[in-house]
Undergrad: 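For reference, the structure I am asking about is given below.
On a predicted model such as this, the values are computed, not experimentally measured, just so you know. Indexing begins at 1, ligand by ligand and atom by atom, following the structure's order. Any value given below was found using the heavy atoms of this structure, including those in side chains, with hydrogens, waters and symmetry copies removed.
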Amino acid sequence: MGGGPRLLVKRDDAIGFAFGGNKVRKMRLVAADALARQADTLITCGGVQSNHARVTAAAAARLGLRCVLVANGARPDRPTANALLARLLGAEIRYVPTREARALEMEAAAAEERAAAREPYLIPIGASTPLGAAAYVHALTELLEQIDPPDVIIHSTSSGGTQAGLVAGCALAGIRSRVVGISADESAATLAADVRRILSGLADLIGPGSDAHARALAGAEVEIDDRFVGDGYGVPTPQSQAAIDLLARTEALFLDPTYTAKAMAGLLARLRAGELEDADTVLFWHTGGQVALFS
Ligand SMILES: Cc1ncc(COP(=O)(O)O)c(C=O)c1O
């Protein structure tokens, strides 16, 4: 970039299980909870190209569980990328026309499982429950074992769990790294409310009696930038396409079009606008999703 801050990348795209990404970290905790509750079917939802759905199907396959995915969108004639992997992983995939229709279809699937004497476990969108977000508290701890706290962490945000975990991780570790979530779809106000809700759930998860922790989480700053969404979720922008090209051609790093390319577009725009200090260390948290390049 011709000078400026020190730039680092945390490579959750390089997590090995099922093509990796942030959803693998969340799924480790969420699937463990499903097993602890004697569940035998994982049910979740997402878009047709959902990374979270792919990882849920992969966890189910590996753990010997059934998996039902509710996908909003049209059934593809020839599944590609995440849709192809979900099918290979043996998930039952049900299609609904809209995002709003997903919850009812998940409930219907759960009722059918119970009627067949099975024990379903419903995972909300993106596994962004307090438990799923706790995976990013752990991830932040892992980062601090690797490097000194960066001045700024920039990452893609959508269902809020990754950001809630990182913000909580920083607050609990008592470090002052700024966490900036670049929205993949929602407005900053909507997402900030989502992240705050998950943070309050995380405080409950940490347990009663830890008032200091609860206060640290409630008082933590939630910074979201929604200027890079463009025409909407999954729709490329000139800046996101340029970010994909730049990272591939200079670092052989692959960004995905829906999440990480827009987050990197946000980082590059801030860099070019001189909004990041030369003396700063800026960490881009690569949350994966590169499978979607093949959709
Ligand atoms: C590749 C990728 N990056 C980032 C995100 C956003 O993470 P979160 O849903 O925890 O906000 C998602 C999922 O929504 C994703 O699949």
Undergrad: Give a yes/no verdict on whether any heavy atom in G289 is under 4.0 Å from an atom of ligand 1.
TA: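 The answer is yes, since G289 has a heavy atom less than 4.0 Å from ligand 1.
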
Undergrad: I want to know if ligand 1 touches G288 in the polar sense, i.e. an N/O pair below 3.5 angstrom.
TA: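 Between G288 and ligand 1 (N or O atoms, distance only) the closest approach is not under 3.5 Å.
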
Undergrad: Which protein heavy atom lies closest to atom 9 (O) of ligand 1, and at what distance to 0.1 Å?
TA: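 So the nearest neighbour among protein heavy atoms is S159 OG, 2.5 Å.
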
Undergrad: State plainly whether the residues E142 and R25 are in salt-bridge range, i.e. N to O under 4.0 Å.
TA: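 Result for this pair is yes, salt bridge flagged.
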
Undergrad: Taking all heavy atoms of L202 and all of P130, pick out the closest pair and write down the distance.
TA: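 Smallest interatomic distance, heavy atoms only, reads CD2-O, 3.4 Å.
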
Undergrad: Between R176 and D151, is there a side-chain N and carboxylate O pair less than 4.0 Å apart?
TA: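 Salt bridge between R176 and D151, a charged N being under 4.0 Å from a carboxylate O: no.
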
Undergrad: For residues D12 and Y136, is any side-chain donor paired with an opposing acceptor at under 3.5 Å?
TA: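 Side-chain D/A pair, D12 to Y136: present.
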
Undergrad: For K26, take its heavy atoms, then give the atoms of ligand 1 lying under 4.0 Å from any of them.
TA: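 The atoms of ligand 1 under 4.0 Å from a heavy atom of K26 are 8 (P), 9 (O), 10 (O).
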
Undergrad: Report the nearest protein non-hydrogen atom to atom 4 (C) of ligand 1: residue, atom name, distance rounded to 0.1 Å.
TA: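 The closest heavy atom on the protein side is T287 OG1, 3.2 Å.
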
Undergrad: Show which atoms of ligand 1 fall inside a sub-4.0 Å distance from at least one heavy-atom site of S156.
TA: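 What qualifies from ligand 1 is 4 (C), 6 (C).
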
Undergrad: Which part of A184 is near ligand 1, with near meaning a heavy atom under 4.0 Å away: side chain, backbone, both or neither?
TA: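 None of A184 does.
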
Undergrad: With heavy atoms of N51 as the reference, note each atom of ligand 1 found under 4.0 Å away.
TA: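 Those atoms are 1 (C), 15 (C), 16 (O).
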
Undergrad: Tell me which part of Q163 gets within contact of ligand 1: side chain, backbone, both or neither, using heavy atoms under 4.0 Å.
TA: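 No part of Q163 comes within reach of ligand 1.
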
Undergrad: Do NZ/NE/NH1/NH2 and the carboxylate oxygens of R66 and E112 come within less than 4.0 Å?
TA: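 E112 and R66: not salt-bridged.
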
Undergrad: A216 and A171: which non-hydrogen atoms are nearest, and at how many Å?
TA: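 That closest heavy-atom pairing would be O-CB, 3.9 Å.
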
Undergrad: Ion pair present between R37 and D33, side-chain N to carboxylate O less than 4.0 angstrom?
TA: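 Here R37 pairs with D33 in a salt bridge, since their nearest N and O are under 4.0 Å apart.
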
